[in-house]
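Below is one structure, written out as structure tokens; comments come after it.
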Amino acid sequence: MASAAGVLIAALGAACSEPPPPGASDLVDPGSPAPKPSPTPSLPAGPLSGQPVTQPAVAARQAIAVPIRVSETGTPTGLDAADLVYQEFAESGSLHLSAVYQSRDAKKIGPVAEVRPVDIRSVGVLRPWLGYAGGPTGFVNQLSAADLTGVTPAQRSAAFPSGYTSTTALRAAAPKGGTAPAPLFDYATVGTPLATRDVTAAGKLTVSASGHPTQTWTYDQASQLWSGRVGRTTVKAASVIVLTMEYRTLTVRKPSPRSLPSANVYGKGKALVVSGPSSAKAEWSKPGQKLVCNVTDLGGYQIRPQPGTTWVIYAPATARVSVT
């Protein structure tokens with residue numbers, strides 16, 4: 001027979017094992033909450049590259065523009081750091097380039113060339129500070145009339161050692177107060193097509209202009225960049241835009257008489273764009289110096305190139321341009 005004490009213990013045990021009444025709960029001290037990680041601030045994109053800059057102040061700085069002359073055997077340097085490169089087919093099989101630096105710096109750029117009308121017409125809308133090797137009297141006067149300023153070796157020789165320069169040297173020579181350029185393109189994001197219609201796969205672009213070696217660009221899937229050669233230098237770009245236009249001959253009298261081919265940058269015409277693994281036919285229009293050159297697809301919408309360096313080729317109307 002169970003004792004009274006055993007019955008009491010069993011009863012207490014049964015009571016302790018009963019479920020808690022509705023609404024009751026066991027409370028546990030959670031202690032101090034773990035600190036939440038501070039969100040990483042997103043960096044702004046460079047206005048002329050569409051890529052995040054290294055620090056916010058970079059996106060707000062003035063662009064630097066440098067004309068570069070490239071012969072068939074030349075070895076230009078500093079081009080891969082440029083946000084934009086404009087290419088004109090010049091005399092004697094050479095190229096005249098207008099390289100624009102805003103989001104990235106280059107330790108060595110050159111060889112620095114004289115200023116030409118194509119520089120003024122191409123970069124004028126960006127309001128850059130120029131580093132250039134002088135030029136014919138008429139061209140220098142056009143630069144001043146366009147309200148563009150810069151520095152030459154004659155004014156600051158230390159900024160142009162051996163005919164080359166750097167973004168650091170040119171920024172040191174620039175007056176304060178320069179402003180950042182407005183974006184030229186609406187850059188693509190992940191999944192955004194290059195154009196709204198007539199987009200095709202592309203892996204090779206060729207541009208053949210009379211009197212010049214054929215220029216060939218090929219797409220590298222690993223780097224997702226287009227690669228070409230300028231002189232003896234290999235250059236890379238996220239996008240290559242070919243604008244077809246008329247060229248005219250300019251007669252220069254001072255300081256020495258000569259004739260120069262010059263791209264007629266103002267107007268409108270046909271275009272071909274390669275960016276990423278795609279190509280699209282397009283049209284271009286630039287009414288004047290202070291207006292952006294609009295590049296639209298055949299549906300009338302702005303093209304959407306990949307962020308990165310954009311190489312713009314001014315192809316003569318007689319040039320052969322093809323993409324495969």
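All figures in this text were calculated on a predicted structure; none of them were measured in a lab.
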Could you report the tightest heavy-atom contact between [X] and [Y], atom names first, then the distance?
X	Y	answer
Gln306	Ser275	N-OG, 2.8 Å
Val265	Ser122	CG2-OG, 4.5 Å
Tyr132	Pro67	CB-CG, 3.7 Å
Pro213	Gly93	CD-O, 4.2 Å
Gln102	Pro181	CG-CD, 4.0 Å
Leu243	Val312	CD1-CG1, 3.8 Å

**OP:** Report the distance from atom CH2 of Trp217 to atom NZ of Lys204, rounding to the nearest 0.5 Å.
**Re:**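 Atom-to-atom, Trp217:CH2 and Lys204:NZ are 14.5 Å apart.
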**OP:** State the CD1-OH distance between Ile313 and Tyr86, to the nearest 0.5 angstrom.
**Re:**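 The distance works out to 13.0 Å.
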Original post:
In terms of side-chain heavy atoms, does Arg104 have a donor or acceptor partner in Thr309 at a distance below 3.5 Å?
Top reply: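 Distance-only check passes for Arg104 and Thr309.
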Subject >> Check: Trp311 ring centroid to Trp226 ring centroid under 6.0 Å >> reply: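 No; Trp226 has its ring centre 6.0 Å or more from that of Trp311.
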Subject >> CA sep, side-chain torsions, deciding dist, call: Arg304, Asp297, salt bridge (charged side-chain N to carboxylate O under 4.0 Å, His left out) >> reply: CA-CA 9 Å; Arg304 301 286 298 276; Asp297 64 22; over 6 Å; no
Subject >> Qualifying residues under salt bridge (Lys or Arg N to Asp or Glu O under 4.0 Å), relative to Arg116, sequence neighbours excluded >> reply: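 Scan of Arg116 (salt bridge (Lys or Arg N to Asp or Glu O under 4.0 Å), adjacent residues dropped) gives Glu91, Glu114.
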Original post:
Is the number of heavy atoms from other residues, nucleotides or ligands under 6.0 Å of Gln302 CD greater than 12?
Top reply: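 Yes, CD of Gln302 has more than 12 neighbouring heavy atoms, counting only those of other groups under 6.0 Å.
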